[in-house]
Amino acid sequence: MKFSWRVLVLWTLPALLVGFFFWQGAFSNGIGDMGQNTANSRMTYGRFLEYLDANRVTTVDFYEGGRTAIVEAVDPELDNRTQKVRVELPPNAPELIDKLKEKGVNFDAHPVRNDGAIWGLLGNLIFPVLLIAGLFFLFRRSSNLPGGPGQAMNFGKSKARFQMEAKTGVMFDDVAGIEEAKEELQEVVTFLKQPEKFTAVGARIPKGVLLVGPPGTGKTLLAKAIAGEAAVPFFSISGSEFVEMFVGVGASRVRDLFKKAKENAPCIIFIDEIDAVGRQRGAGIGGGNDEREQTLNQLLTEMDGFEGNTGIIIIAATNRPDVLDAALLRPGRFDRQVMVDAPDIKGRLEVLQVHARNKKLDPSVSLETIARRTPGFTGADLANLLNEAAILTARRRKEGITLTEIDDAVDRVVAGMEGTPLVDNKSKRLIAYHEIGHALVGTLLKDHDPVQKVTLVPRGQAQGLTWFTPNEEQGLTTRGQLKARITGALGGRAAEEVIFGDAEVTTGAGNDLQQVTGMARQMVTRFGMSELGPLSLESQSGEVFLGRDWMSRSDYSEAIASRIDSQVRTIVEECYDNAKRMMRENRSVMDRLVDLLVEKETIDGEEFRQIVAEYTPVPDKPQYTPIL
Ligand code: ADP
Ligand code: ZN
């Protein structure tokens, strides 16, 4: 209670300060009318006159003694919506009034508010008074505390930022799809439950385990499951909680955390995002970061400070083990690393089974189908997916989740919210040709993943989408497949150009082209799939990362760089020509598919292939269980 008051005051003061300036700003405008604030856009006086002549102006309100006006006008470019704009008027425009009368426009003048001055004065007084009162309050409170006035500066220390769960209630059964990780961690449970088994033969119990993997793969869940299985308390904190503005706060949190943990041993300490504190010391732009280094040092000290047999095991999670300080990874610290990756198809099925336990699924739903449709999804994505589907089901007032909801939820998780479809017009047709272009290349090229569906229902940023079913069983990608993907991604632009001509191509292909360039470049620089030969010319992580060297060194000369560019170009051009040829040769089936797509909004893969097969041979592709 006593702390919360102090925090309240500390936070209220800056907030008041900010609020005060905004408030002052509002009055110094001299206009107290809210109408002013709603008109964010401006219009020139000339434009305003044009609008007036075109009878688009409906209302004019004058402010500031006739110096500005808020104009309501109908904008034909925005579906005739009315729009409020602000116009600065020239000092002498008496003819304007006549004109407004003549056009029958509503107009009104608003007086200048002069009570602003009084408010301004009051405002000026209020702030210092509040500040003094606040400081007074702060000092009084802190001197009331047993620790004396010095306590006022102690914030951070006493705030327990870590959470403790006496019982997590999570078991290994709740974690699915990451069997190897589970097996390795099974041992940790035994350490916690029967340490004597190990100490009797002189084995040193590990202190730290590092879980490495992308977000959402279940690292936190695993750590909780260990605590749950061993029936020990679970302490957790995120690495970012350690990193504070004040030097020393993070270190004191580490001390607090370990103190609490020792009192509750045996137990698990879980540190999420350990890379936030555990970066290499002295790295990054501008040298080291004192606070982080102190925190890290404290963490290392604490880890060394307790014997392996106290029964505390620290589990840390990160996605970037490569940036961690080497000292953290030494024996006696986080000497075990366990990879936790996004699950494969079988793993996804298991995760789905776990999360479907408490959901009402329609008997027609096969979890395997969902697993097949969701390559790259992490455990968290899958949990989210089933939840979204359940929400949709409730909204549609159905008894149980059907495949339709699952399908909509997948689309939503992958591509964003559904928008309203366009009405049938030229641009809709253009988008339809673009998508059919992608789908046609995908269908006709043997090496391309089969089409799952083509749709004109907008989602997220995309106006239309073509979905493919990736084949996950194969691990490696061949050169032919990469080229097919590039050609497929170019299919949209190729269709636009062949059907509508050079001048009509749109920006809609921007994203496609980005992917195309990325793939082509990788073929040249990473996979040795060009005339430059089997060389690796670029490091895997192209990004600048502050934890390591700032400048990444390229492994080749200027001359090679320009050859890389020309090879990338050659690949893309070849694929583009190929895509355009396919569009020209299949014009009649395209026209038919576009008509159908504009009418139905969505064509599924099977129907698409059947229609194409009426015109031209469609190569066989590996068969999957049909989806939907
Ligand atoms: P991370 O710590 O790796 O970012 P979390 O453990 O916080 O991921 O996962 C978030 C949620 O996603 C979990 O609470 C759980 O519901 C679900 N989840 C993630 N991975 C799995 C998995 N392997 N099995 C079951 N559920 C999972
Ligand atoms: Zn496209």
Side-chain angles (χ1 to χ4, degrees), residues 168-189 209-229 270 272-273 315-321 336-359 361 364-390 401 403 405-415 449-450 452 467-477 481 622-628:
T168 61
V170 180
M171 291 293 170
F172 273 144
D173 260 1
D174 301 316
V175 188
I178 36 179
E179 291 313 315
E180 298 84 31
K182 254 162 79 176
E183 259 159 45
E184 284 201 49
L185 293 170
Q186 198 87 49
E187 205 182 30
V188 177
V189 176
V209 180
L210 189 63
L211 302 179
V212 178
T217 44
K219 297 182 293 297
T220 313
L221 197 67
L222 257 178
K224 283 190 176 173
I226 295 171
E229 291 280 340
F270 178 67
D272 205 357
E273 302 173 49
I315 300 178
T318 180
N319 194 17
R320 302 288 314 236
R336 290 192 176 211
Q337 289 198 17
V338 176
M339 294 296 300
V340 185
D341 263 326
D344 58 4
I345 181 163
K346 191 167 149 282
R348 290 200 301 275
L349 181 59
E350 287 161 15
V351 176
L352 286 168
Q353 276 159 352
V354 167
H355 287 278
R357 276 185 212 154
N358 60 357
K359 304 263 183 325
L361 288 176
S364 67
V365 175
S366 125
L367 292 179
E368 196 188 323
T369 314
I370 309 175
R372 212 175 270 291
R373 264 217 71 184
T374 45
F377 274 46
T378 61
D381 293 335
L382 292 168
N384 180 23
L385 166 72
L386 284 184
N387 192 46
E388 287 275 339
I401 303 171
L403 267 187
E405 279 76 47
I406 300 269
D407 212 44
D408 287 350
V410 174
D411 290 0
R412 186 154 160 187
V413 171
V414 177
D449 292 330
Q452 194 228 327
W467 299 80
F468 297 96
T469 318
N471 182 357
E472 268 184 284
E473 276 96 78
Q474 87 188 38
L476 301 171
T477 311
Q481 281 164 334
Q623 281 301 301
Y624 308 97
T625 37
I627 288 158
L628 280 186

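Numbers for residues simply follow the sequence, beginning at 1. What you see below is based on every heavy atom in this structure, not just the backbone, and it leaves out hydrogens, waters and symmetry mates.
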Can you measure from [atom1] ([X]) to [atom2] ([Y]) and round to the nearest 0.5 angstrom?
X      : Y      : atom1 : atom2 : value
Thr217 : Asp341 : OG1   : CG    : 7.5 Å
Arg372 : Leu349 : CZ    : CG    : 10.0 Å
Phe270 : Lys219 : CZ    : NZ    : 7.5 Å
Arg348 : Gln353 : CZ    : CD    : 13.0 Å
Leu210 : Gln337 : CG    : CD    : 5.0 Å
Leu403 : Asp408 : CG    : CG    : 10.5 Å

List the atom of [X], the atom of [Y], and the distance in Å for their closest heavy-atom pair.
X      : Y      : value
Pro215 : Asn319 : CD-ND2, 3.8 Å
Gly177 : Pro343 : O-CB, 3.9 Å
Ala176 : Val354 : CB-CG2, 3.6 Å
Val340 : Ala181 : CG2-CB, 4.2 Å
Ala227 : Thr168 : CB-CG2, 4.0 Å
Thr477 : Gln481 : CA-OE1, 3.4 Å

Can you confirm whether [X] sits close enough to [Y] that some side-chain heavy atom of one is under 4.5 Å from a side-chain heavy atom of the other?
X      : Y      : answer
Val175 : Lys182 : yes
Val338 : Leu185 : yes
Val170 : Leu222 : no
Asn384 : Phe377 : no
Ile345 : Pro375 : no
Val189 : Ile226 : yes
Leu361 : Leu367 : yes

(request) Sort out for me which residue in Leu382, Thr369, Val414 forms a side-chain contact (heavy atoms from CB on, under 4.5 Å) with Thr374. (result) Leu382
(message) Please determine whether a side-chain nitrogen of the Lys or Arg among Asp174 and Arg357 lies less than 4.0 Å from a carboxylate oxygen of the Asp or Glu.
(response) yes
(message) Go through it in stages, so that I can follow the logic: the residues are Leu386 and Ile406, the test is side chain to side chain contact (heavy atoms under 4.5 Å, CB included), and I'd like the CA-CA distance, side-chain angles, deciding distance and then a yes or no.
(response) CA-CA 7 Å; Leu386 284 184; Ile406 300 269; 4.0 Å; yes
(request) List for me each residue that meets salt bridge (Lys or Arg N to Asp or Glu O under 4.0 Å) alongside Lys346, sequence neighbours excluded, and say none if there are none. (result) Glu350
